[in-house]
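These notes concern the structure reproduced below.
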Amino acid sequence: MSEYGVEPIYEKIEFCRNAWTLWGKIQSGRWDWLGIHPDGQFVLGSPRQREGFTMMAAPEVVMDSAIRGEHGVRVSTPLGPPRGGASWYRTEQQAREEFRKALNSHGNEARVLSFSRCSALSRAQLQRKSS
């Protein structure tokens with residue numbers, strides 16, 4: 001108990017400017033993202049506050065006549081499944097359009113800050129990663 005009668009929620013507060021650093025800290029499971037400081041730095045608190053039980057699934061969606069692994073879009077979050085779900089499209093153009101939509105709309109629906117990574121996927125990229 002502090003002299004004000006309230007325990008601090010986080011033992012440590014940390015700031016960083018680099019989005020990849022922020023991603024790594026959240027993904028580690030030891031930090032919560034608290035927001036953005038007025039000077040533009042990301043604010044994190046540790047140790048993470050654990051409330052309740054959260055289970056995340058990563059659905060894979062194959063659109064009509066699409067070939068899995070050919071043209072896709074994946075949106076992932078630092079605390080979600082490691083590879084995230086993917087949506088596969090029949091043509092590269094369809095996948096590009098969906099990728100642009102994902103970049104423009106992700107997080108805007110609820111008008112809250114969101115932290116996610118959006119990736120355009122193609123067979124060539126997936127083959128390079130596996131070799």
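Predicted, not measured: the structure shown is a model, and the values here were computed from it.
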Q. Minimum heavy-atom separation for S46 to R30, with atom names?
A. OG-O, 2.9 Å
Q: Please report the C-alpha distance between Y89 and V62 in whole Å, then the side-chain angles of each, then the deciding distance to 0.1 Å, and finally whether the side chain to side chain contact (heavy atoms under 4.5 Å, CB included) criterion is met.
A: CA-CA 7 Å; Y89 300 90; V62 181; over 6 Å; no
**Q.** Partner residues of R96 under the salt bridge (Lys or Arg N to Asp or Glu O under 4.0 Å) criterion, sequence neighbours left out
**A.** E92
Q.
Within this structure, what is the OG1-CZ distance for the pair T21 and F42, rounded to the nearest 0.5 Å?
A. 9.5 Å
Q: Locate the shortest heavy-atom distance separating A86 from L121; write the atom from each residue and the value.
A: CB-CD1, 4.1 Å
Q.
Treating Q94 as the side-chain partner and T91 as the backbone partner, does any N or O pair qualify as donor plus acceptor under 3.5 Å?
A. yes
Q) Where do W33 and V43 come nearest, in terms of heavy atoms and distance? A) CD1-O, 3.4 Å
Q. Between V73 and A95, which heavy-atom pair has the shortest distance, and what is it?
A. CG2-O, 3.4 Å
Q: Could you pull out all residues at least two apart from E14 that satisfy side-chain contact (heavy atoms from CB on, under 4.5 Å)?
A: K25, W31
Q: May I ask you to say whether E98 pairs ionically with K101, meaning some side-chain N is under 4.0 Å from a carboxylate O?
A: yes
Q | Nearest heavy-atom neighbours spanning Y10 and G45 | A | CD2-C, 3.3 Å
Q) Between the main-chain N or O of Q41 and the side-chain N or O of D39, is there a donor-acceptor pair closer than 3.5 Å? A) yes
Q) Among all residues two or more places apart in sequence or in another chain, which pass the side-chain contact (heavy atoms from CB on, under 4.5 Å) test with I67? A) E70, R123
Q: Supply the atom-to-atom distance H37 NE2 to R17 CZ, rounded to the nearest 0.5 angstrom.
A: 9.5 Å
Q) If you take all heavy atoms of I26 and L44, which pair is closest and at what distance? A) CG1-CD2, 4.2 Å
